[in-house]
Amino acid sequence: MRTQWSLVRLSWRMRLTVLIGVLILHAVNAHAAEPILIRFSHVTSEATPKGHGALLFKKLAEERLAGKVRVEIYPRALKFNDVQALLALLFGDIELAAPSFAKFRSFSRQIQVFDLPFLFSDVDAVNRFQRGEAGVKLLDSMLSHGIKGLAYWNNGMRVMSANRPLRTPQDFKRLRFRIEPSAVMQAQYRALGAATVPMPFKQVREGLKMGLVTGQENAWSNIHSKGFHDFQTYFTEARHSFLGYMLVTNADFWTNLPAEIRGELDKIIQEVTVEVNKNAREKAKSDRQRVIDSKKAEVITLTDPELAEWRTLLTPIWKQFEAQIGIEIIEQAIQANQPR
Ligand code: SIN
C-alpha cells in the first residue's frame, strides 16, 4: 500500500516537474521570439541626410533581421533634443542617436577637433581623417562613459547667415548668433565680434523669427528643411567648418546583442553610411539651389582677401583648444587635407 502511494506521489511530482519545464520553455521561447527594439532619436527632418539614413537603417534592419529586430525612429526632436538624447541613451530609453559633433563635448573634448574653423579644407579631408588612425580611435573615445561610436555620418560644410551680408569681421558687430553648445563656436564668434546664444536645433527657426537670434550657421539641408531662409537674407559660404555626426549606441546594449545580430547590424550600418554620405553631397547642392530658387536669399562667396582675413582671425583658435583635443589629433587633421 505504502509502495503504491509513493508511486502515485512520484508520478505527481514527475508530472509537476514536466509541467514546470514546459512552462519555462514556453516563457523562454516567447521571450526569444520577441524582437529586439531599437529606438533611434534624432533632431532633423526626414528630408535630410540623417533623416534619410535613419529610415534606411530601419528598412534594412527590419528586412534582413525580420522578426528579430524592430526599429522605431523619433525624428525632428519629437522626443529628445540632442543633449537629452545622449542621456536617454545612457538610461536605456533609446538605443541609437546621431548628434552633431558639438553635442559630445561633455563626454569627449577630443571630438571638438571637427568644429575647429578652417581646419578641414573640404568634406573629402574630413572623411580621410575619419578613416585614419585618430578618426577610428575617436569612435571609442566615450567608451568610459558608456557611449560607443558606430559610424560617422556627413551633412555638409556650414554656411553662415544674417540679414546683412557677412563679408568682413565688421559685419558681425551687434549680431547674436545661434550656436550649438560648443566652446569652439563661441570662440569663433567672439573672434568675429558677434554675441552667441546656445540653442537646441528645434528652436532655431522660432528664435530667428522672433529675433532672439539674428544670425546662424548650418548645413544647406538643415537650412532648407527648416526654412531658415524665411527669416535670413544673406548666406555666406566661407567653407570654415563641417557639420557631421557620430552614430552612437549604448555600449552595454551593443555588447550584449547576440553576435549574429550585432554582425548584421554592423554591415547594415556600413551600407547606410555610404548612402548617407552620398545623399549628403547631393543635398548640399540641391538644397542650396532650392534656397536660391526661393528668391528669398542671396548666397555670398568671399573674395580671396576677405577669406584671408577670416582665416587670420579664426585659425589661432586651434591653439586655444590644442590642450583639450591633443596636438597629435590636430596634426592628423591637417595631414588629411593632402589627398593620398
Ligand atoms: C543636426 O544637424 O543634427 C542639428 C545641428 C544643429 O544643432 O544645428
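Whatever order the structure lists them in is the order used to number ligands and atoms, beginning at 1.
Note that Lys58 lies outside the cation-pi zone of Phe40, set by a 6.0 Å cut-off to the ring centre and a 45° limit from the axis. Under a cutoff of 6.0 Å and an axis angle of 45°, Lys79 and Tyr74 form a cation-pi pair.
Residues Arg70 and Glu62 are not paired through a salt bridge, judged by the lack of any N-O separation under 4.0 Å between the basic side chain and the carboxylate.
Ring to ring, Phe242 and Phe114 are not that close: their centroids are 6.0 angstrom or more apart. For Trp220 and Phe235, the ring centers are positioned less than 6.0 Å apart.
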Pairs of nitrogen or oxygen atoms, one from ligand 1 and one from the protein, closer than 3.5 Å: please tabulate them with distances.
unit_1: ligand 1; atom_1: 2 (O); unit_2: Asn222; atom_2: ND2; d: 2.8
unit_1: ligand 1; atom_1: 2 (O); unit_2: Tyr245; atom_2: OH; d: 2.5
unit_1: ligand 1; atom_1: 3 (O); unit_2: Lys50; atom_2: NZ; d: 2.6
unit_1: ligand 1; atom_1: 7 (O); unit_2: Lys103; atom_2: NZ; d: 2.9
unit_1: ligand 1; atom_1: 7 (O); unit_2: Arg178; atom_2: NH2; d: 2.9
unit_1: ligand 1; atom_1: 8 (O); unit_2: Arg178; atom_2: NH1; d: 2.7
unit_1: ligand 1; atom_1: 8 (O); unit_2: Asn218; atom_2: ND2; d: 2.9

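Counting non-hydrogen atoms of other residues, nucleotides and ligands closer than 6.0 Å to NZ of Lys173 gives a total above 12.
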